[in-house]
Amino acid sequence: MNRALAELLTLPAPEVARALIGARLLVDGVGGIIVETEAYDRLDPASHSFRGPTPRNVAMFGPIGRAYVYRIYGLHWCLNIVCDAEASGSAVLIRALEPTQGMEVMHDRRGGGRHPDLCAGPGRLCQALGVNGALNGRPIDEPPFSLTLGPSEPVVSGPRIGIRHGTSTPWRFGRPGSPFLSRPFPLAAAPS
DNA sequence: GTTCCGATGTACT
DNA sequence: GTACATCGGAACG
């Protein structure tokens with residue numbers, strides 16, 4: 001693993017989630033630029049790791065730098081990257097990409113979704129990239145995955161999406177104004 | 001534009 | 001039995 005990525009992934013999930021905005025994620029050469037992430041950790045009631053290891057979530061308690069892929073609502077797949085060298089049970093959910101490579105493949109897999117929605121949302125993203133349970137536990141920087149950090153850039157944060165607990169923790173991160181987000185971020189208080 | 005609903009794996013009460 | 005880090009389609013306005 002390259003040094004900058006290896007060092008980043010030792011940090012707590014919120015820091016990793018913020019730094020991954022602008023990184024390039026590919027699966028078998030198909031993917032794009034990460035524009036939206038969420039952080040989860042062991043002390044977070046919204047996290048799968050909150051109640052300890054189970055057969056589903058063991059990857060969250062394993063080595064950092066691995067994928068944690070799980071099925072949600074019995075239907076869709078979601079992709080996380082395990083991180084935090086100090087506290088096991090931490091991961092970053094990849095929620096949206098700006099598609100840049102393999103557009104045709106992604107479009108075919110998605111069955112004709114409109115372009116801005118191709119990878120907007122964790123389930124859609126996994127469908128477009130061909131991520132499924134077979135990739136659970138695989139290193140995020142080795143084939144079929146590749147992950148390359150981008151330059152530092154402005155990042156907005158806000159409440160996470162689709163959870164019932166921990167809703168006041170602003171651990172959703174995104175590229176401001178990106179049309180490829182799963183949802184816009186709440187606007188900061190604006191002057192009247 | 002909105003709201004409602006069904007698909008159904010895994011964990012929990 | 002219920003809840004859930006979701007999505008797509010139907011029905012509505």
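Lettering follows sequence order; numbering is per chain, from 1. Quick caveat: nothing in here was measured; it's all calculated off a predicted structure. Computation of the quantities below employed the complete heavy-atom set of this structure, encompassing side-chain atoms and omitting hydrogens, waters and symmetry-equivalent molecules.
For A/F173 against A/A17, the heavy-atom pair with the smallest separation is CD1-CB, 3.5 Å.
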Output, in order, the C-alpha distance, side-chain angles, deciding distance and verdict of side chain to side chain contact (heavy atoms under 4.5 Å, CB included) for A/D84 and A/D41. CA-CA 9 Å; A/D84 196 338; A/D41 76 17; 5.7 Å; no
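Atom CD of A/E38 is separated from atom C1' of C/dT6 by 12 Å (rounded to the nearest Å). Atom CG of A/D117 and atom P of C/dT6 are 16 Å apart (whole Å). Going from atom CH2 of A/W77 over to atom P of C/dA5 covers 17 Å, rounded to whole Å. If you measure from atom NE2 of A/H48 to atom P of B/dT10, you get 12 Å, rounded to the nearest angstrom. One atom, CD of A/E36, and another, C1' of C/dA5, lie 12 Å apart when rounded to the nearest Å. What separates CG of A/N57 from P of C/dC4 is a distance of 17 Å, to the nearest Å. One can place CZ of A/R51 at 18 Å from P of B/dT10, the figure rounded to the nearest angstrom. At whole-Å resolution of the value, CZ in A/R164 and P in C/dT2 are 14 Å apart.
A distance cut-off of 5.5 Å between ring centres, combined with a plane angle under 30°, leaves A/Y73 outside any stacking arrangement with the base of B/dA7.
Both distances falling under 3.5 Å, in either a Watson-Crick or a G-U wobble arrangement, occur for no nucleotide opposite B/dT8. Under the Watson-Crick or G-U wobble criterion, with both distances below 3.5 Å, C/dA5 is left unpaired in every strand shown.
For C/dG8, one of the phosphate oxygens OP1 or OP2 lies less than 4.0 angstrom from a side-chain nitrogen or oxygen of A/R110. Distances shorter than 4.0 Å separate none of the side-chain N or O atoms of A/R56 from OP1 or OP2 on C/dC4. Considering only side-chain N and O atoms, A/R160 lies nowhere under 4.0 angstrom from the phosphate OP1 or OP2 of C/dA5. The phosphate of C/dT6 (OP1 or OP2) has no side-chain N or O of A/R71 nearer than 4.0 angstrom.
Looking at heavy-atom distances under 4.0 Å, A/L93 makes contact with a base.
By the 4.5 Å heavy-atom criterion applied to side chains, A/S47 and A/M60 are counted as neighbours.
One P atom belongs to C/dA5, the other to B/dT2, and the distance between them is 23 Å to the nearest Å. Across C/dG13 and B/dC5, the matching P atoms stand 15 Å from one another, rounded to whole Å.
The nucleotide whose nearest atom lies closest to any side-chain atom of A/L75 is, among C/dA5, C/dT6, B/dA7, B/dA7. Taking every side-chain heavy atom of A/P55 into account, B/dA11 is the closest of C/dA5, B/dA11, C/dT6.
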Check: residues 68-77 of chain A side-chain donor-acceptor pairs under 3.5 Å, at least two apart:
residue, atom, partner, partner atom, Å
A/Y68, OH, A/H48, ND1, 2.8
A/R71, NH1, A/L75, O, 3.2

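For the 3.5 Å distance criterion, the side chains of A/S182 and A/E36 qualify, holding a donor opposite an acceptor.
Under a cutoff of 6.0 Å and an axis angle of 45°, A/R160 and A/Y40 form a cation-pi pair.
Residue whose closest nucleotide on DNA chain C sits further toward the 5' end, between A/Y68 and A/Q127: A/Y68.
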